[in-house]
Amino acid sequence: MLASEVPAAPATPASHPSAKTVWDTKTQQYHGGQEWSFLDNFVEDFSVTTNGLGIPQKALQAAREALDVCHHYPAADQEPAKTHLAKFLHPESHTGIHSRLLLGNGASELIDLVTRAAPEGPWKPGPWPVQYKEYERSAIALGRTVLPPNDPTPASLTCIVNPNNPTGDYMHIEDLKAWIESTVADNTVVMVDESMQPWHSPAFQSDSLISQSEWLADLYATRGIAVYIMHSWTKLWSCTGLRLGSLVCPTVEHCTKLKKVQVPWSVNVPALKFLEVVTSDAEADFLAETWDVTPKWRKSLVDRLLAMGAKQSWEVRGEDFLSWVWIDMRDEKVAADAIVRAKRAGVPVRSGVPGYGCHTCVRAAVRKPEQVDVLLSAWEGLVDQQ
Ligand SMILES: Cc1ncc(COP(=O)(O)O)c(C=O)c1O
């Protein structure tokens, strides 16, 4: 399709602000996932890294039914959802995890909580060229100085996203441990975001900090390094609107300290019910299918993108198991055009520009092949115009 044949963007009703105006860019951090509701021809949201299988239906039904009791407060101890999640995270030693686990209204709440509680001083990201921005946003909002990844100045708070959103970079467990040991200063705090790590495989724990309790305890005892493990559950279980996140603290004492300052009932009744069911045997098939189809859909998407961008040597980054691709289209104008065309076709993608400053890059979710067809036909002719 030539550029001139791309359908015109649907007129935006005056009552609908565009996604751009939804963010107060002076005070808020841009995030994907806002455009879908303004597109009259919306097909699928490629701008967020949620599961291509959509919402797990049994958990959704349980959350719907839980609305019937929304005239009651949620359980103050977040049970039984918390126990279910601990068992999901580490079936063999769930009691050790449970005593250090906190649930939150999305990971965002917990990122903010730890950033507030960590000792004052500079903040440093992981080693990646760009990293998910919420950690930095929270650090800046709380008055911390932001250091570049390779700055030798010790940081009070270090935050690494692994696997990294948006680039898809990933350190396997021994490399991650070595990076923490060599980069992080004694008596400081580290957050490791493993939100996308459970996509790894049914044995995801084997490559995760979740199964490194002894190493974590030793690191704290010998060097005073407190490592928190963060999970956003809004991607794996496609519940961004419901809001679910969790935090495994380094010790029970750290967990108690945070619980004291956490806003009560931040996880609502439907979200707790959703979590309880999604981590149970009732949704085991959903996860099995996720681990089966995501790498297949991703490979097909990558192959098609590489063929489409062969002339411009497009690069597609990220681990094979991930729910998105990070595409370097090598040209700012092409990347900008890709954003416009995707939106016009009802399949918005995430530009690499806002927040990340990657002008030649675009992030697209892994989705069902028939949905990918819509995106890729909108992109036909993108590189031919060069
Ligand atoms: C790596 C990562 N961590 C944390 C979050 C925060 O997610 P939420 O607050 O929806 O749980 C996101 C959202 O995009 C993310 O990509």
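All values below come from the heavy atoms of this structure, side chains included, with hydrogens, waters and symmetry mates left out. Sequence positions, counted from 1, serve as the residue numbers for this chain. Indexing begins at 1, ligand by ligand and atom by atom, following the structure's order.
By the side chain to side chain contact (heavy atoms under 4.5 Å, CB included) test, L60 pairs with I55, Q57, R64, sequence neighbours left out. For P119, the side chain to side chain contact (heavy atoms under 4.5 Å, CB included) partners two or more places apart in sequence, or in a different chain, are V189. In terms of the side chain to side chain contact (heavy atoms under 4.5 Å, CB included) criterion, residue partners of V325 (sequence neighbours excluded) are, by chain and number, R298, L301, V302, L305, V316, I327, A364.
For ligand 1, the 4.0 Å heavy-atom shell takes in H31, G106, A107, S108, Y132, V161, N165, D193, S195, M196, S232, T234, K235, R243, L244, ordered by chain and residue number.
No continuous path of hydrophobic side-chain contacts links W233 to Y228 [ILVMFWY only; heavy atoms under 4.5 Å].
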Please assess Q205 against E92 for the test side chain to side chain donor-acceptor pair (under 3.5 Å), listing each intermediate value before the final yes or no. CA-CA 11 Å; Q205 293 91 345; E92 294 84 37; over 6 Å; no
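With a 4.5 Å cut-off on side-chain heavy atoms, F204 and F321 do not count as touching.
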